[in-house]
2 protein chains.
Amino acid sequence: MSAPSRIGEVMALDRLVHEPARLLILAVLVNAKEVEFGFLEQVSGLSKGNLSSHMGKLEAGGLIEVKKSFRGKRPLTELRITAAGRKALADYRQGLAMVVQELPAPSVAAKRK
Amino acid sequence: MSAPSRIGEVMALDRLVHEPARLLILAVLVNAKEVEFGFLEQVSGLSKGNLSSHMGKLEAGGLIEVKKSFRGKRPLTELRITAAGRKALADYRQGLAMVVQELPAPSVAAKRK
DNA sequence: ACAGACAAGTTTGCAATGCAAACCTATTTG
DNA sequence: CAAATAGGTTTGCATTGCAAACTTGTCTGT
């Protein structure tokens with residue numbers, strides 16, 4: 001018989017994307033052309049510090065690009081997902097889909113409490 | 001306004017289950033009545049140490065039960081998923097399913113090159 | 001003009017984590 | 001008896017995620 005399941009796939013998930021905070025960031029970015037730091041802070045609910053460090057990691061990994069400029073006299077940081085980022089997210093999504101499939105649907109043999 | 005999507009769900013994912021190694025463990029356990037430590041070590045590919053510590057956390061969280069006994073003269077550790085574990089896994093699975101749905105299918109605007 | 005509040009991020013400090021190497025105890029084999 | 005194996009646990013370490021504190025600059029009230 002086949003392995004207990006193909007769930008070993010789960011170990012192949014991209015950890016950079018797997019982290020919820022970063023997945024959230026990527027998910028927002030993938031639906032917009034460009035996103036401001038402040039906006040992201042609001043919709044994500046992440047603290048500035050937390051957001052900043054995740055941003056740094058995503059940038060270091062090449063999944064996003066960060067453009068710094070000024071709006072009037074104030075600093076403005078904008079984030080944009082890269083092609084690599086889209087790919088990573090798509091791959092991750094596919095991995096997730098597999099995991100979801102392999103995980104037993106509770107509806108079947110689950111306990112009705 | 002409503003959030004860009006319901007992806008904020010991702011932040012609600014149970015971190016205890018979210019960790020790939022533990023998800024793998026739970027996925028194996030949910031399909032079997034009882035599983036031996038050694039077997040799990042093999043199918044998961046985790047080192048004994050790593051497995052042992054994840055096992056400890058799952059047990060501490062009440063998602064699994066660990067039964068220690070002897071087979072002949074040798075120690076034997078068996079793992080079993082609890083009702084809470086099944087529930088946590090089912091909830092997690094549902095969360096994942098939502099995330100997968102909300103994540104854009106790559107087929108649309110995927111590769112330009 | 002200046003004190004204080006606010007904006008926009010970055011840096012720092014810390015606790016928690018994941019991982020494997022080393023270790024431990026007991027058994028089996030050469 | 002020595003060495004290898006089985007079955008796990010503990011230790012040590014490097015990485016992380018998180019928020020508090022800090023930085024730099026603008027704006028408001030008086």
Side-chain angles (χ1 to χ4, degrees), chain A residues 7-8 10-29 34-61 63-80 88 92, chain B residues 7-8 10-29 34-61 63-80 88 92:
Chain A
I7 291 223
V10 77
M11 297 305 286
L13 290 174
D14 184 344
R15 304 291 283 230
L16 188 56
V17 180
H18 191 60
E19 170 63 27
R22 285 189 298 258
L23 180 52
L24 179 47
I25 293 173
L26 289 174
V28 172
L29 292 191
E34 209 157 35
V35 169
E36 296 180 14
F37 187 98
F39 176 75
L40 208 46
E41 186 192 353
Q42 313 237 15
V43 309
S44 70
L46 298 170
S47 67
K48 291 177 194 300
N50 200 354
L51 177 53
S52 178
S53 80
H54 285 305
M55 182 178 78
K57 283 175 190 175
L58 288 171
E59 186 182 20
L63 304 195
I64 69 171
E65 272 177 11
V66 177
K67 189 179 66 175
K68 295 182 189 207
S69 59
F70 287 86
R71 176 164 47 197
K73 310 280 189 96
R74 296 197 165 152
L76 174 63
T77 298
E78 285 163 303
L79 296 78
R80 183 155 36 94
Y92 179 77
Chain B
I7 292 222
V10 78
M11 296 304 287
L13 290 174
D14 184 346
R15 304 291 284 229
L16 187 56
V17 179
H18 191 60
E19 171 63 28
R22 286 190 297 259
L23 179 52
L24 180 47
I25 292 172
L26 289 175
V28 172
L29 291 192
E34 208 156 34
V35 168
E36 297 180 14
F37 186 99
F39 175 75
L40 208 46
E41 187 191 352
Q42 313 237 13
V43 309
S44 70
L46 298 169
S47 67
K48 291 178 194 302
N50 201 354
L51 178 53
S52 179
S53 80
H54 284 305
M55 182 178 77
K57 282 174 191 178
L58 288 171
E59 187 182 19
L63 304 195
I64 68 171
E65 272 177 10
V66 177
K67 189 179 64 177
K68 294 180 189 207
S69 59
F70 287 85
R71 176 163 47 197
K73 310 277 190 99
R74 294 196 167 156
L76 174 63
T77 298
E78 286 163 303
L79 296 79
R80 184 155 36 93
Y92 179 78

Within the pair [X] and [N], is there a side-chain N or O less than 4.0 Å away from OP1 or OP2?
X	N	value
B:Arg74	C:dT28	no
B:Lys73	D:dA6	no
B:Asn50	C:dA20	yes
B:Arg15	C:dT17	no
B:His54	C:dT17	no

Expressed in angstrom and rounded to an integer, what is the separation of [X] atom [atom1] from [N] atom [atom2]?
X	N	atom1	atom2	value
A:Met55	D:dA19	CE	P	16 Å
A:Lys57	C:dT10	NZ	P	14 Å
A:His18	D:dG17	NE2	P	11 Å
B:Leu40	D:dT9	CG	C1'	16 Å
A:Glu19	D:dT15	CD	P	17 Å
B:Phe39	D:dG7	CZ	C1'	16 Å
A:Lys67	C:dA8	NZ	P	16 Å
A:Phe70	C:dA8	CZ	C1'	11 Å

Base, sugar-phosphate, or nothing for [X], non-hydrogen atoms under 4.0 angstrom?
X	answer
A:Thr77	sugar-phosphate
A:Leu46	nothing
A:Lys48	base
B:Leu51	nothing
A:Glu41	nothing

Regarding A:Asn50 and A:His54, is there a side-chain donor-to-acceptor distance under 3.5 Å anywhere?
->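 A:Asn50 vs A:His54: donor-acceptor pair found between side chains.
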Hey, which of these two, A:Ser47 or A:Pro75, hits DNA chain D nearer its 5' end, going by closest nucleotide?
->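 Checking each residue's closest nucleotide, the 5'-ward one belongs to A:Ser47.
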Closest approach of B:Arg22 to B:Leu16 (non-hydrogen atoms, all atoms of both residues) |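 Smallest interatomic distance, heavy atoms only, reads NE-O, 2.7 Å.
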Starting at the 5' end of DNA chain C and moving along, which residue's nearest nucleotide shows up first, A:Met11 or A:Gly38?
->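 Its nearest nucleotide lies further toward 5', so the answer is A:Gly38.
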Pair [X] + [Y], salt bridge at N-O below 4.0 Å:
X	Y	result
A:Glu19	B:Arg15	yes
B:Glu78	B:Lys68	no
B:Glu59	B:Arg80	no

Counting side-chain heavy atoms from CB outward, which of C:dA8, C:dG18, D:dG7 is closest to A:Arg71?
->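 For the A:Arg71 side chain, the nearest candidate turns out to be C:dA8.
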Where the side chain of A:Lys68 is concerned, which of D:dG17, D:dT9, C:dT10 is the nearest nucleotide?
->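 Of all the options, the side chain of A:Lys68 is nearest to C:dT10.
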Note, B:Tyr92 side chain near B:His18 side chain (heavy atom, < 4.5 Å) =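 Answer yes - side chains close enough.
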